[in-house]
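Input: one structure, supplied below.
Quantities reported herein were computed from a predicted structural model and do not represent experimental measurements. Within every chain, numbering begins at 1; the chains are lettered A, B, ... in the order of the sequence lines, protein sequences first and strands thereafter.
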2 protein chains.
Amino acid sequence: MPDTPRRAGRLPGTRYGNRPTMKDVAARAGVGLKTVSRVVNGEPGVTPETERRVQEAIDALGFRRNDSARVLRKGRTASIGLVLEDLADPFYGPLSRAVEEVARAHGALLINGSSAEDPDREQELVLALCARRVDGLVVIPAGDDHRYLEPEIKAGVATVFVDRPAGRIDADVVLSDNFGGARDGVAHLIAHGHRRIGFIGDMPRIHTAAERLRGYRAAMEDAGIPVKGSWMSLGVTDPERVRRAAEEMLAGPDPVTAIFTGNNRVTVTVIRVLAEHSHAVALVGFDDIELADLLQPGVTVVAQDAAALGRTAAERLFRQLDGTLLTPERIELPTRLVTRGSGELPPAG
Amino acid sequence: MPDTPRRAGRLPGTRYGNRPTMKDVAARAGVGLKTVSRVVNGEPGVTPETERRVQEAIDALGFRRNDSARVLRKGRTASIGLVLEDLADPFYGPLSRAVEEVARAHGALLINGSSAEDPDREQELVLALCARRVDGLVVIPAGDDHRYLEPEIKAGVATVFVDRPAGRIDADVVLSDNFGGARDGVAHLIAHGHRRIGFIGDMPRIHTAAERLRGYRAAMEDAGIPVKGSWMSLGVTDPERVRRAAEEMLAGPDPVTAIFTGNNRVTVTVIRVLAEHSHAVALVGFDDIELADLLQPGVTVVAQDAAALGRTAAERLFRQLDGTLLTPERIELPTRLVTRGSGELPPAG
DNA sequence: CCCGCATCTGACAACGTTGTCCAGGCTCTA
DNA sequence: TAGAGCCTGGACAACGTTGTCAGATGCGGG
């Protein structure tokens with residue numbers, strides 16, 4: 001590409017690179033400031049001839065309304081914030097997109113940030129968004145104390161929590177039925193003859209992990225199967241430790257014949273372990289994973305609908321802004337058991 | 001959850017739900033407006049005692065600085081816009097995240113939107129972002145004419161295009177080496193004895209698709225293999241048509257012994273087709289896919305580094321804002337051939 | 001011919017913040 | 001103790017837009 005010289009950076013001190021303002025447009029069109037405002041906003045009461053002149057000046061100058069000033073004046077930003085754990089996680093992609101679509105339908109833009117599962121970073125992000133006066137917030141919480149949001153909510157920032165409940169404040173929450181999903185998944189294994197079933201999940205301080213563990217316990221109890229401590233591994237999530245945990249469960253004195261995995265990352269690692277294992281072990285995982293049907297055997301999962309979570313949350317948010325929603329609620333979306341083979345294997349050994 | 005009454009929506013007419021301003025804080029602390037500003041911004045020249053009083057008032061009132069007003073005054077928004085095709089696509093997740101991280105390192109927030117591969121929607125989004133006076137834009141273009149951005153760029157909006165070049169304007173671009181990657185992938189198949197190699201890719205009007213097709217042709221030509229029209233399928237991307245295209249290539253009078261797929265969606269579908277096929281067909285795909293190593297055989301791919309694309313683009317953007325970058329450039333990042341089995345199968349039949 | 005009315009236009013203040021600049025009080029020295 | 005100089009604090013304008021309101025213009029009717 002030729003080395004066409006570019007503008008010499010933005011000159012320090014210039015604001016917005018000296019963009020034309022309505023005043024400039026008005027001067028050029030020979031009309032008043034307010035008339036330009038009217039044309040820009042499509043307000044009535046402007047002669048076609050005047051409008052044409054103004055439009056001409058706008059095009060000639062490359063004028064674009066400064067929404068910062070507009071926001072300052074009007075009080076609404078037409079933007080909402082989304083704070084999630086990690087934009088790169090395949091679970092959050094569809095969720096973000098769903099929130100974005102709802103926002104778009106309401107003429108709002110989406111500002112989003114990743115908390116990286118760090119409560120401080122979550123708070124920092126949320127408050128930065130509040131400082132920009134987003135109209136509302138969709139938060140997938142990393143922390144468990146959200147009292148810092150109280151003044152914001154009181155000041156009118158619509159807020160909906162997703163995937164996990166808010167901590168120590170009363171707010172709208174949209175969740176998957178983690179308990180029921182896990183219970184059904186484990187019951188599915190039991191129905192296929194398993195009694196020694198392992199559970200590998202995240203730290204129970206994370207709400208979803210705790211609920212799924214509870215579902216596992218409930219299913220076992222319903223079937224009258226006492227759970228051994230060696231069958232449960234909690235709080236491991238990095239691949240190396242998951243691998244060890246799985247191997248121990250499979251090798252112990254009371255080896256499991258099936259494993260229930262608490263989230264997609266764990267599931268993937270366990271699939272790798274089982275692929276190397278000598279005899280077939282049944283597996284049901286929480287969260288769907290791509291290509292799960294192409295593996296041998298296909299992976300049976302408890303799928304949750306990330307897009308529906310996002311959509312539901314965003315819709316509630318805009319209903320809060322309408323004023324049609326007055327009472328915080330907790331909404332639980334159902335999960336779906338998708339059978340593909342790995343969960344239907346009979347007990348071996 | 002109990003039906004605790006919430007504030008009755010935002011009262012119409014109230015701005016920001018009557019949030020306290022610096023003036024309120026100043027009144028309560030019994031100091032001047034500017035002193036509050038100084039405390040909020042950590043500027044020097046305030047006695048510890050005064051600062052304490054101000055801080056107290058801030059906490060008591062739940063004051064949070066209004067960044068809209070700040071932006072209006074200062075001219076910089078400390079936010080950048082990212083326009084991509086689809087936030088839910090696993091390719092863009094890591095890219096977004098990388099852009100976000102760089103933005104964060106520069107104290108900026110990220111506003112993003114999906115164009116859904118629609119040029120009009122791309123333009124609408126970009127202009128909405130410009131109206132908010134984002135400091136810069138990272139754009140994965142859907143359209144092929146970006147002259148509408150000229151006034152914006154002239155006005156000082158830093159702009160970097162990613163994944164595909166800009167149309168009809170001179171701007172920074174960060175791309176993967178689509179041509180070289182595809183050429184190497186196809187050459188890899190040729191090196192393993194294949195001569196009848198199929199290509200299934202997206203519409204050549206999309207830059208990446210055209211480049212990959214060019215790479216395919218180049219590799220074949222380098223090996224002195226004339227390409228038959230029946231080996232190429234362009235512009236198909238929905239699963240059903242990809243399936244048919246693959247089946248035709250495999251069944252025709254000159255059946256292919258290997259297929260090169262032009263993107264991850266096509267690759268996934270072709271994997272499904274090959275899984276049902278009677279004899280082994282080699283496969284190399286452009287773009288990596290998760291769990292590709294667990295399939296039988298593992299899927300050989302030409303991987304591009306989405307995060308590196310995003311990071312590089314964002315870094316260039318902030319260098320533009322620094323003023324240290326004066327000339328638009330075209331940067332090409334290398335791809336990487338990841339061999340896992342499917343690309344090393346010998347020709348069958 | 002003048003008045004009233006409707007229509008169109010523009011002057012002005014306000015939104016909440018920050019930059020500039022000056023005033024007042026303090027300390028330190030001669 | 002007076003004066004110089006420094007430090008702290010505050011008054012005011014400005015950023016670009018929109019809401020309010022009043023002025024200008026034109027038209028028709030009395």
Side-chain angles (χ1 to χ4, degrees), chain A residues 12-54 57-58 61-78 128 130-133 155-156, chain B residues 12-55 57-58 61-78 130-133 155-156:
Chain A
T14 32
R15 4 170 39 78
Y16 309 125
N18 282 330
R19 294 194 77 121
T21 70
M22 285 193 176
K23 207 167 145 189
D24 302 323
V25 175
R28 176 163 183 134
V31 302
L33 182 54
K34 180 66 207 198
T35 301
V36 177
S37 173
R38 273 192 269 261
V39 171
V40 170
N41 294 297
E43 287 168 28
V46 181
T47 343
E49 162 59 14
T50 312
E51 175 164 359
R52 196 190 51 71
R53 279 222 316 286
V54 171
I58 288 177
L61 295 174
F63 168 80
R64 192 95 52 206
R65 179 179 65 198
N66 185 331
D67 274 354
S68 296
R70 172 170 228 251
V71 158
L72 178 60
R73 190 67 233 264
K74 304 202 73 143
R76 286 268 181 126
T77 56
C130 289
R132 295 197 186 213
R133 297 295 187 267
Chain B
T14 30
R15 8 171 35 80
Y16 309 124
N18 283 329
R19 295 195 77 121
T21 70
M22 286 193 176
K23 208 166 145 189
D24 302 324
V25 175
R28 174 161 185 136
V31 303
L33 182 54
K34 181 65 207 201
T35 302
V36 177
S37 173
R38 274 193 269 263
V39 171
V40 170
N41 294 296
E43 286 169 27
V46 182
T47 344
E49 162 58 14
T50 311
E51 173 164 359
R52 195 191 50 72
R53 280 223 315 286
V54 171
Q55 195 59 56
I58 288 176
L61 295 173
F63 167 79
R64 193 94 51 205
R65 179 180 63 198
N66 184 332
D67 274 353
S68 296
R70 172 170 226 250
V71 157
L72 178 60
R73 191 63 234 263
K74 304 202 73 142
R76 287 270 181 124
T77 56
C130 289
R132 293 199 187 212
R133 298 294 188 266

Problem set entry | Results of salt bridge (charged side-chain N to carboxylate O under 4.0 Å, His left out) for R64(B) - residues two or more places apart only |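 Partners of R64(B) by the salt bridge (charged side-chain N to carboxylate O under 4.0 Å, His left out) criterion, ordered by chain and then number, come out as E152(A).
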
Exercise. Under 4.0 Å: is that the gap between some side-chain N or O of T50(B) and OP1 or OP2 of dT8(D)?
Worked result: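 Looking at the OP1 and OP2 atoms of dT8(D), neither is under 4.0 Å from any side-chain N or O of T50(B).
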
Problem set entry | Full working for side-chain contact (heavy atoms from CB on, under 4.5 Å) between N66(A) and T21(A) | CA-CA 8 Å; N66(A) 185 331; T21(A) 70; over 6 Å; no

For this session: Return the value, rounded to whole Å, for the distance between atom NZ of K23(A) and atom P of dA13(C).
Result: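 It works out to 14 Å between those atoms.
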
Exercise. For T47(B) and A69(B), take the nucleotide of DNA chain D holding the closest heavy atom to each; which residue's nucleotide lies nearer the 5' end?
Worked result: T47(B)

Exercise. Counting any heavy atom closer than 4.0 Å, what does V40(B) reach on the DNA or RNA strands: base, sugar-phosphate only, or nothing?
Worked result: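 Touches nothing.
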
Exercise. Would you say dT18(C) has OP1 or OP2 under 4.0 Å from some side-chain N or O of R65(B)?
Worked result: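 For dT18(C), OP1/OP2 do have a side-chain N/O of R65(B) under 4.0 Å.
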
Problem set entry | Under the side chain to side chain contact (heavy atoms under 4.5 Å, CB included) test, residues paired with A29(B) that sit two or more places apart | V31(B), V54(B), A57(B)

Exercise. For R28(B), which residues count as a salt bridge (charged side-chain N to carboxylate O under 4.0 Å, His left out) partner, sequence neighbours excluded?
Worked result: none

Exercise. Is the side chain of R132(B) donor-acceptor paired with the backbone N or O of T77(A) at a distance under 3.5 Å, no angle test?
Worked result: yes

Problem set entry | Pairs flagged by salt bridge (Lys or Arg N to Asp or Glu O under 4.0 Å) wherever residues 42-53 of chain A is involved - sequence neighbours left out |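 Checked against salt bridge (Lys or Arg N to Asp or Glu O under 4.0 Å) - neighbours excluded - the pairs reaching residues 42-53 of chain A are E49(A)-R52(A), E49(A)-R53(A), R52(A)-E56(A).
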
Exercise. Rounding to a whole Å, what distance do you find between L33(B):CG and dG9(D):C1'?
Worked result: 12 Å

For this session: Taking only the side-chain nitrogens and oxygens of N66(A), find out if one of them lies under 4.0 Å from OP1 or OP2 of dC15(D).
Result: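 False: N66(A) side-chain N/O out of range (4.0 Å or more) of dC15(D) OP1/OP2.
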
Problem set entry | Gap between atoms CG and P, on L72(A) and dT18(C) respectively (whole Å) |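 Between P of dT18(C) and CG of L72(A): 12 Å.
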
Exercise. Got a second to check how far D24(B)'s CG is from L33(B)'s CG, nearest 0.5 Å?
Worked result: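 The distance works out to 10.0 Å.
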
Exercise. Quick one: N41(B) CG to dG9(D) C1', roughly how many Å, whole number?
Worked result: 16 Å

Exercise. In Å and rounded to the nearest 0.5 Å, what is the CE to NZ distance from M22(A) to K34(A)?
Worked result: 8.5 Å

For this session: Give a yes/no answer on whether the side chain of T35(A) brings an N or O atom under 4.0 Å of OP1 or OP2 in dG10(C).
Result: yes

Problem set entry | Protein-nucleotide distance (R19(A), atom CZ; dG16(D), atom P), rounded to Å | 11 Å

For this session: Send over the distance from R76(A) CZ to dG16(C) P, rounded to a whole Å.
Result: 15 Å

Exercise. Given atom CE of M22(B) and atom P of dG19(C), what is their separation to the nearest angstrom?
Worked result: 10 Å

Exercise. Through what angle, rounded to 10 degrees, does the axis of the helix from dC1(C)-dG30(D) to dA30(C)-dT1(D) turn between its ends, using five pairs per end?
Worked result: 60°

Exercise. Between R70(B) and N41(B), does a side-chain contact (heavy atoms from CB on, under 4.5 Å) hold up when you go through it step by step?
Worked result: CA-CA 11 Å; R70(B) 172 170 226 250; N41(B) 294 296; 3.3 Å; yes

Protein-nucleotides 19-27 of chain D N/O pairs under 3.5 Å:
residue, atom, partner, partner atom, Å
dG19(D), OP1, K74(A), NZ, 3.4
dG19(D), N7, K34(A), NZ, 2.8

Problem set entry | Side-chain touch I58(A)/V40(A), heavy atoms, less than 4.5 angstrom | yes

For this session: Using atom CG of D24(A) as one end and atom C1' of dT17(D) as the other, report the distance to the nearest whole Å.
Result: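 Going from CG in D24(A) over to C1' in dT17(D) covers 13 Å.
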
Exercise. Think S37(A) has a side-chain N or O under 4.0 angstrom from the OP1 or OP2 of dT17(D)?
Worked result: no

